[in-house]
Amino acid sequence: MAYPYTMPLRVGFRDLDVLGHVNNAVYLTYFEHARVGYGLQLSGGTRLQDLAFIVAEATVTYLKPAYFNDDLLIGVRVSEIGTKSFVMEYGLQRPATAELLARGRTVQVWFNYAAGRSEAVPQAFRDAVAHDNAALE
């Protein structure tokens, strides 16, 4: 997986639906874990208050099911940056077999919580993304 940020995850019982595989809504939570981790890395922050963006849109493409106790790897990258928003793409893989289980995409808006409005994506964030993307090439 060509992602600048990856994190391992083990499927727990609470993630399952009545059919015994990971519930479709849980994939968005998995992506959220990766988004927060990578967002903190890019911003140089350590607290949730250091994340100055909100999710405006989310999509998931389900390819294969995940099951209880599966060890998974989630990758995330920033693929586009606009004036006030940016796109993150995700891959969820079962590393033992190299199977891609799901792909995802979210659009984030840079947001000033105190003012209650969107703002331009800062140059420092753009530079951090450019650095990570260049390292993958």
Side-chain angles (χ1 to χ4, degrees):
M1 293 198 319
Y3 296 94
Y5 185 89
T6 59
M7 63 175 289
L9 177 76
R10 176 166 283 171
V11 175
F13 178 76
R14 69 185 177 119
D15 299 342
L16 306 178
D17 62 18
V18 297
L19 299 176
H21 51 67
V22 174
N23 181 277
N24 64 310
V26 173
Y27 287 81
L28 290 169
T29 301
Y30 292 168
F31 295 159
E32 178 182 54
H33 289 302
R35 179 173 56 254
V36 168
Y38 191 40
L40 289 172
Q41 178 180 301
L42 289 169
S43 69
T46 58
R47 306 168 305 138
L48 289 178
Q49 295 86 339
D50 297 327
L51 297 176
F53 54 81
I54 56 175
V55 174
E57 178 183 328
T59 59
V60 181
T61 302
Y62 306 97
L63 304 170
K64 295 183 178 197
Y67 299 98
F68 177 69
N69 256 354
D70 272 352
D71 288 314
L72 305 177
L73 186 66
I74 305 166
V76 60
R77 64 180 162 237
V78 175
S79 61
E80 300 172 40
I81 302 178
T83 304
K84 294 184 175 185
S85 65
F86 61 97
V87 174
M88 285 183 152
E89 295 177 341
Y90 309 84
L92 181 66
Q93 182 185 53
R94 185 180 292 119
T97 60
E99 294 173 282
L100 185 62
L101 305 181
R103 289 188 307 267
R105 180 181 183 275
T106 56
V107 178
Q108 289 69 219
V109 174
W110 207 266
F111 198 76
N112 181 323
Y113 289 94
R117 66 179 184 337
S118 61
E119 292 185 339
V121 176
Q123 189 61 45
F125 182 86
R126 294 172 183 277
D127 292 345
V129 168
H131 176 268
D132 281 358
N133 287 346
L136 290 175
E137 297 174 359

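To the nearest 0.5 angstrom, Arg105 atom CZ is 12.5 Å from Met88 atom CE. Separation of atoms CZ (Arg35) and CD1 (Ile74) is listed at 11.0 Å; rounding is to 0.5 Å. Between the CD atom in Glu57 and the OG1 atom in Thr106 there is a gap of 9.0 Å [rounded to 0.5 Å]. A distance of 12.5 Å separates CG of Leu92 from NZ of Lys64, quoted to the nearest 0.5 Å.
Each salt bridge (Lys or Arg N to Asp or Glu O under 4.0 Å) pair with one or both residues in residues 38-51, not counting sequence neighbours, appears once here: Arg47-Asp50.
Listed for the Asp70 side chain is no donor-acceptor partner under 3.5 Å among the backbone atoms of Leu72. Under a 3.5 Å cut-off, the side chain of Asn133 and the backbone N or O of Ala130 do not form any donor-acceptor pair. For Arg77 (side chain) and Ala2 (main-chain N/O), a donor-acceptor pair under 3.5 Å exists by modelled atom type.
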I would like to know whether Asp132 and Leu42 meet side-chain contact (heavy atoms from CB on, under 4.5 Å); could you show each step before the answer? CA-CA 9 Å; Asp132 281 358; Leu42 289 169; 3.6 Å; yes
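More than 12 non-hydrogen atoms from other residues, nucleotides or ligands lie less than 6.0 angstrom from CG of Leu136. Residue-environment remark: CZ (Arg103) stays at or below the threshold of 12 foreign heavy atoms within 6.0 Å.
Looking at every heavy atom in both residues, Leu16 comes nearest to Tyr67 through CD2-C, 4.3 Å. Here the closest non-hydrogen pair linking Arg94 and Ala66 is NH2-CA, 3.7 Å. Between Leu73 and Pro95, the closest heavy-atom pair is CB-CG, 3.7 Å.
Partners of Tyr90 by ring-ring contact (aromatic ring centres under 6.0 Å, His included), not counting sequence neighbours, listed by chain and number: Phe31.
Clustering of Ile, Leu, Val, Met, Phe, Trp and Tyr by side-chain heavy atoms under 4.5 Å joins Val109 with Ile54, Phe111, Tyr113.
Criterion: ILVMFWY side-chain heavy atoms under 4.5 Å apart, direct or through other members. Under it, Leu19 and Val22 are not part of a common hydrophobic cluster. Grouping the Ile, Leu, Val, Met, Phe, Trp and Tyr side chains by contacts below 4.5 angstrom, directly or via other members, places Val107 apart from Tyr38. Criterion: ILVMFWY side-chain heavy atoms under 4.5 Å apart, direct or through other members. Under it, Phe68 and Tyr30 are part of a common hydrophobic cluster. In the hydrophobic clustering of this structure, Val36 does not group with Val55; members are Ile, Leu, Val, Met, Phe, Trp, Tyr whose side-chain heavy atoms approach within less than 4.5 Å, directly or through other members. Linking ILVMFWY residues whenever their side-chain heavy atoms come closer than 4.5 Å, directly or via other members, leaves Val87 and Tyr5 in distinct clusters.
Within the 4.5 Å cutoff, side-chain heavy atoms of Leu40 are placed close to those of Leu51. In this structure the side chain of Thr6 never reaches within 4.5 angstrom of the side chain of Gln93, judged on heavy atoms.
Taking the six-membered ring where the residue is Trp, Trp110 and Phe53 present tilted rings, their angle falling between 30° and 60°.
Here the rule is side-chain contact (heavy atoms from CB on, under 4.5 Å) with Phe86, and of Gln108, Glu80, Arg126 only Gln108 fits it.
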